[in-house]
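Bear in mind the structure is a predicted one, so any value in this text is a computation, not a measurement. The chains referred to below are lettered A, B, ... by the order of the sequence lines, with proteins before strands, and numbering in each begins at 1.
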Number of protein chains: 2
Amino acid sequence: MGKKQTRRRGKVLEDAILRATWQLLNQVGYNVLTIQAVAKIAGTNKNAIYRRWADKARLVVSALAKFGPKPDIQIPDTGNLRTDLGQFFEQAVDYLTYLTSDQLAGLWVDRLRDISVAKMMYRLDAIDNNYIRKSVTQILHQAEKRGELTGQSFSDRVLNLPALLVINAAITAQGKLTQAAMAEIIDDILMPVFSKHEYHRP
Amino acid sequence: MGKKQTRRRGKVLEDAILRATWQLLNQVGYNVLTIQAVAKIAGTNKNAIYRRWADKARLVVSALAKFGPKPDIQIPDTGNLRTDLGQFFEQAVDYLTYLTSDQLAGLWVDRLRDISVAKMMYRLDAIDNNYIRKSVTQILHQAEKRGELTGQSFSDRVLNLPALLVINAAITAQGKLTQAAMAEIIDDILMPVFSKHEYHRP
DNA sequence: TTATTTAAGGTACTGGAGTACCCTGTATAA
DNA sequence: TTATACAGGGTACTCCAGTACCTTAAATAA
C-alpha cells in the first residue's frame, strides 16, 4: 500500500500534469487554479511542473493546446472576395467565443505580463499561429488572382486588421457575434480597406 | 527620539501613501512595486493601505490620477481631414505612450485580472476611448461641413475604429509609436474607411 | 552487469498578498 | 473633562509563487 510503485518520467509525467491541469481548469477556471493543486492532482510536485513551464499561463496554454477544442476552419474560395470573407469569419466565431469564455478569464491577461502589455491581438490568436491572418492572406491572394484586387501588397497592419476587428467584436459582444456585426465589419471596414481605389497616399 | 509623535489619519495619511506609491512607481516601476514597500516608505503599514484600496492596481491608479500627467489635447481644424487626423493622433500619442510604458507594465493587466477577456478590450479602451471617439467624431463632422465627405453617417464600429487602432498600436509598438506607423494607420485604413466611394454594400 | 547520468520527488526556504486580531492614539460627542 | 467610537499601528497568520538543495529511481552507456 505504498504511495507509488513507479516513478513516472518524461512524456508520461508531462501528460499526467497536463491532464490534471485540464481537469482543474474545467473545474475551477483559470484564476482559481494553482500550480500546487495541479501537482497534487497529478500526483507529483511543483518542481516537476516548474521544470517544464515558467508559469501558470504557459502551463494552461499547453493543456489547452493538448485537450482544448481545435479550430476546424476551411478557407472558402467562392469566386468573390466579400463572400469568402463572410464565410471565413462565420466559421471562426465559435472558436473565438470559447477562447474568451469566463473559464479562461485571466489567462490572456497573464500571458501579457511578460511580453510588455504587448501583442495582445497577436497573442490571442497566436495559439493557432496567426491562423486568421494566414487565412485572410490566402483569401486576398485568391481575389488578386481573379483580378478583383489591383495587385497591391498589404502592410502588416492591414493584414492583422481582420483578426483585430473580429477578436475585438467577439470580446465586446459579450455573447455571440451576430451576422449583422460581421457584415458591418466586412462592408464598412474591410472591403474599403482592401479595395482602396479612391484614396491615395499624399 | 521615539519613532513618531503624531499618528496621521484620514486624508493626511492617504496623501502620504499616494506620494509614497508615486515615488516608488517612478523608482522601480509597477511590477516591482510592493504594498509592503509602499507602506514602509509612507511610514505606515499594509493595513492602512488595504483599508483603502483593494489591491496594488487600484492603489497605483489612484496615485496616477493624483500625480500622473493629464492629457492636454486640442482638436485640430486645418481644413483637411487627413491633416486633422494626423495632428490629433500626434497629440494623443504621447499620453498613450506613457500609459503603456514599461514603468506601468503590468498595471492594466492587473486591472483586468478578474474579468473575462470579454470585458478586457472593453475596459482597455474605456481608458480613453470616449475621448478619442468624441474627438474623431468632431473631426469627421468638420470634414462633412467642408464637403470632404459625402454626408454619410458612420456606424459605432467605424467611429471606434481609430481608438482601437491607435491603442492597439501603442500597445504592440513596444517603444514609441512612430510617425510612420501613424501615417500607415491613417492612409491605409482610416482614410479608405471614412471615404469609401468605391465599394458599396451589396 | 555495473557505472553514470538524468530527472523525479521531498523538504525547506524566501518573500509577497491578503486577512485577522488586538492594542492604542485621536477625534468627536456627551 | 471624560467617555466613546473609530481608525492607525503592530504582530502574526495562511496561502501561494518561486527557488534551492538533496535523495533516489530510472534510463543509458560502458
Side-chain angles (χ1 to χ4, degrees), chain A residues 1-21 24-25 27-63 105-107 109-114, chain B residues 1-21 23-25 27-63 105-114:
Chain A
M1 291 294 170
K3 295 199 72 169
K4 199 145 289 167
Q5 289 81 353
T6 60
R7 177 181 281 190
R8 298 160 301 174
R9 303 195 142 227
K11 187 129 184 45
V12 178
L13 179 59
E14 184 174 313
D15 283 356
I17 292 169
L18 289 177
R19 210 180 323 277
T21 303
L24 204 53
L25 181 67
Q27 280 172 8
V28 302
Y30 179 81
N31 279 331
V32 177
L33 177 149
T34 70
I35 301 276
Q36 286 183 330
V38 169
K40 191 169 180 184
I41 291 179
T44 179
N45 68 17
K46 289 201 295 182
N47 295 335
I49 298 178
Y50 278 113
R51 259 177 227 124
R52 293 177 164 81
W53 296 276
D55 52 42
K56 185 166 89 165
R58 276 172 249 251
L59 168 64
V60 170
V61 167
S62 286
L107 171 58
V109 161
D110 274 351
R111 290 289 292 131
L112 292 179
R113 177 171 301 284
D114 19 76
Chain B
M1 292 295 170
K3 297 198 71 172
K4 197 145 293 167
Q5 288 80 353
T6 60
R7 176 181 282 188
R8 297 161 301 174
R9 304 193 143 229
K11 186 126 184 49
V12 178
L13 181 58
E14 184 175 312
D15 282 356
I17 293 169
L18 289 177
R19 212 182 320 279
T21 304
Q23 178 190 327
L24 203 54
L25 182 66
Q27 281 172 7
V28 303
Y30 179 82
N31 280 331
V32 176
L33 177 148
T34 70
I35 301 276
Q36 286 181 332
V38 169
K40 192 170 181 184
I41 291 178
T44 181
N45 68 16
K46 289 201 293 182
N47 296 334
I49 298 179
Y50 278 114
R51 258 177 227 125
R52 294 176 164 81
W53 296 277
D55 51 43
K56 185 166 88 165
R58 275 173 252 252
L59 168 64
V60 170
V61 166
S62 287
L107 169 59
W108 310 118
V109 162
D110 276 350
R111 286 290 291 127
L112 301 168
R113 164 146 314 285
D114 22 70

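- A:Arg8 places its CZ atom 20 Å from the P atom of D:dT24, with the value rounded to the nearest Å.
- In this structure, the nucleotide among C:dG10, C:dA20, D:dC16 sitting nearest to the side chain of B:Asn47 is C:dA20.
- The residue among B:Arg52 and A:Gln36 whose nearest nucleotide of DNA chain D is located toward the 5' end is B:Arg52.
- Between the CG atom of A:Leu33 and the C1' atom of D:dC15 there is a distance of 15 Å, given to the nearest Å.
- The two atoms that bring B:Trp53 and B:Arg58 nearest to each other are CD1-O, 3.7 Å, heavy atoms only.
- If you measure from atom CG of B:Asn45 to atom P of C:dC23, you get 16 Å, rounded to the nearest angstrom.
- As a whole-Å value, the separation of A:Arg58 CZ from D:dG18 C1' is 14 Å.
- In this entry the distance linking CG of A:Asp55 with P of D:dA17 reads 11 Å, nearest Å.
- In this structure, CD in A:Gln36 is found 10.0 Å from CG in A:Asn45, a value given to the nearest 0.5 Å.
- In this structure, the side chain of B:Lys46 does not engage the main chain of B:Ile35 through any donor-acceptor pair within 3.5 Å.
- Shown are B:Leu18, B:Leu24, B:Thr21; of these, the side-chain contact (heavy atoms from CB on, under 4.5 Å) with B:Val60 is made only by B:Thr21.
- Here the closest heavy-atom approach between residue B:Ile17 and residue B:Arg52 is recorded as CD1-NH1, 4.3 Å.
- The nucleotide whose nearest atom lies closest to any side-chain atom of B:Tyr50 is, among C:dG18, D:dT19, D:dC16, C:dG18.
- Checking the phosphate oxygens (OP1, OP2) of C:dA8, no side-chain nitrogen or oxygen of A:Thr44 falls inside 4.0 Å.
- Straight-line distance from the CZ atom of B:Arg7 to the C1' atom of C:dT28: 16 Å, rounded to whole Å.
- Nucleotides of DNA chain C nearest to B:Ile35 and B:Arg9 differ in position, and the one nearer the 5' end is that of B:Ile35.
- Following rounding to the nearest Å, A:Leu13 (CG) and C:dG9 (C1') show an atom-to-atom distance of 10 Å.
- Counting to the nearest Å, the P atom of C:dG10 and the NZ atom of A:Lys40 are 13 Å from each other.
- Nearest-nucleotide positions on DNA chain D for B:Lys46 and A:Arg51 put B:Lys46 closer to the 5' end.
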